[in-house]
Amino acid sequence: MANLTTRFFGLELKSPVIAASSSMTGNLEQIKKIAKAGAGAVVLKSIFEEEIYHQLQEELSLRSEMHSDPEYLDYFDYVIKDETLKKYVQLVAAAKKTVDIPVIASINCISSGDWTLFAKKLEDAGADALELNLFVMPSDAGKSSECNEQFYFQTIKKVKEKVNIPVAIKISHYFSNLARISGELSETGIAGISLFNRFITPDIDIDTQKVVSTNVLSQANEYLLPLRWTGILSGQVKCDLAATTGIHSAETAIKFLLAGASAVQVASVLYTEGVEAITTMNKGIAEWMDKNNYQKIDDFKGSLSMANAGNAGAFERVQFMKYFGGKEF
Ligand SMILES: Cc1cc2nc3c(=O)[nH]c(=O)nc-3n(C[C@H](O)[C@H](O)[C@H](O)COP(=O)(O)O)c2cc1C
């Protein structure tokens, strides 16, 4: 029988299928079901930087007469008063006590501010690793790409100074040179990169003539963009890769492992098919491995990556040259 063990975020996982951060992973009952269904790990619903800031600002204003430096809180074991933060720390601790799979805390960040102090509280609560969901929408034409990129490096540095557990990042594809930045980020000592964060995308309702949000859940064909980049990056970066977006089946998960991912993160399929989708994916991966005489994930992981298969053309080709040549498609 195939062995589904894999290493990701510096952790040993019994399956490469991870429950991605979502409202499903924000309560203990669901987390128990996810673990029972066979997930390799669970990434908890993110706490947002703004939520953390709120408390820290209050804390700092209380102490401002004595200490104006926010780093002062580093030396002061402040008590969490804010209910949202308290509940999040409690969720980490309760999940750790209840399930036997790694529990990964998650923070959504848009700046490298003083909120990073809170990361330590998550480590103290027992989190096995921390995933930072980092994003700057490069929509400000007045900001250079270097300036946007600095946020990623500064945030990782500040968080890594606070904690000893593995720190991984979840990024989007909105970079002008994704291969270079991913390589440089992987050299900061992070344990992994999750490709790619998925966003609610704007649409326009022509009846109301308003901009509306759409596509909360992914479609099964959305995996192609992260698949291309997993194949391109897996031989180039100095940390593990996990894939996320559009992974709804064992077949798609296997493609990512072949492209070089160590794990896949799933969210939408848990909403559409229930947590049992994880069991089905594990079964499908194991059956495919047995059929192909693979005993463990490492036997085939990355075998079709750009670096290993010598197929740069397949991953880099983007134009429809042959179709413009008059052929049918
Ligand atoms: C309802 C919902 C809530 C989500 N909340 C978060 C979140 O708090 N933090 C985060 O990093 N990603 C969040 N995500 C993104 C997922 O973790 C995942 O990366 C993304 O949905 C792509 O995977 P999928 O195609 O399997 O849904 C959320 C996704 C959904 C559908």
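What you see is a predicted model; the values in this text were computed from it and never measured. Each ligand, and each atom within it, is numbered from 1 in the order the structure gives.
- Ring geometry for F300 against W288 counts as perpendicular: the plane angle is over 60°, on a 0 to 90° scale with 30° as the lower cut.
- Between atom 20 (C) of ligand 1 and the options H248, E131, Q219, R198, the minimum heavy-atom separation is to R198.
- Counted within 6.0 Å of CD on E187, heavy atoms from surrounding residues, nucleotides or ligands total more than 12; the atom is thus considered enclosed.
- Among all protein heavy atoms, the one lying closest to atom 1 (C) of ligand 1 is Y271 OH, 3.4 Å.
- K96 has a carboxylate O that lies under 4.0 Å from a charged side-chain N of D128, or vice versa, which qualifies the two as a salt bridge.
- Shown in contact with V266 at under 4.0 Å from a heavy atom are these atoms of ligand 1, numbered in order with element: 26 (O).
- Every atom of ligand 1 with a heavy atom of K45 under 4.0 Å away is listed here by number and element: 5 (N), 7 (C), 8 (O).
- With no hydrogens or angles considered, no side-chain donor-acceptor pair links H248 and T272 at under 3.5 Å.
- Under 4.0 Å from ligand 1, heavy atoms of T245 appear from its side chain as well as its backbone.
- Residue contacts with ligand 1, taken as heavy atom pairs separated by less than 4.0 Å, involve L217 solely via side-chain atoms from C-beta onward.
- Look at E222 and R198 and you find a salt bridge, because one of the NZ, NE, NH1 or NH2 atoms lies within 4.0 Å of a carboxylate O, short of that distance.
- For atom 22 (C) of ligand 1, the closest non-hydrogen atom on the protein side is T244 OG1, 3.2 Å.
- Salt-bridge annotation for E29 and K32: present, with a side-chain N of the basic residue lying under 4.0 Å from a carboxylate O of the acidic one.
- A salt bridge between E149 and R180 is present, with a side-chain N of the basic residue lying under 4.0 Å from a carboxylate O of the acidic one.
- With respect to atom 28 (C) of ligand 1, the closest heavy atom belonging to the protein is S21 O, 3.3 Å.
- Side-chain rings of F135 and F199 approach one another, their centers coming within less than 6.0 Å.
- The part of K170 lying near ligand 1 is the side chain, judged by heavy-atom distances below 4.0 Å.
- By the 3.5 Å distance cut-off applied to N or O atoms, S218 is counted among the residues near ligand 1.
- Checked against a 3.5 angstrom limit, the closest N/O atoms of N108 and ligand 1 fall outside it.
- In this structure, D299 CG and N293 CG are separated by 10.0 Å, a value rounded to the nearest 0.5 Å.
- The shortest N or O to N or O distance between S23 and ligand 1 is not below 3.5 Å.
- For a threshold of 3.5 Å applied to N or O pairs, the pair formed by A267 and ligand 1 contains at least one separation below that value.
- Of the candidates A243, S106, A19, S22, it is S22 that places a heavy atom closest to atom 2 (C) of ligand 1.
- S262 and K301 form a side-chain donor-acceptor contact under 3.5 Å, judged by distance and modelled atom types alone.
- Among the atoms of G246, some N or O lies under 3.5 angstrom from an N or O of ligand 1.
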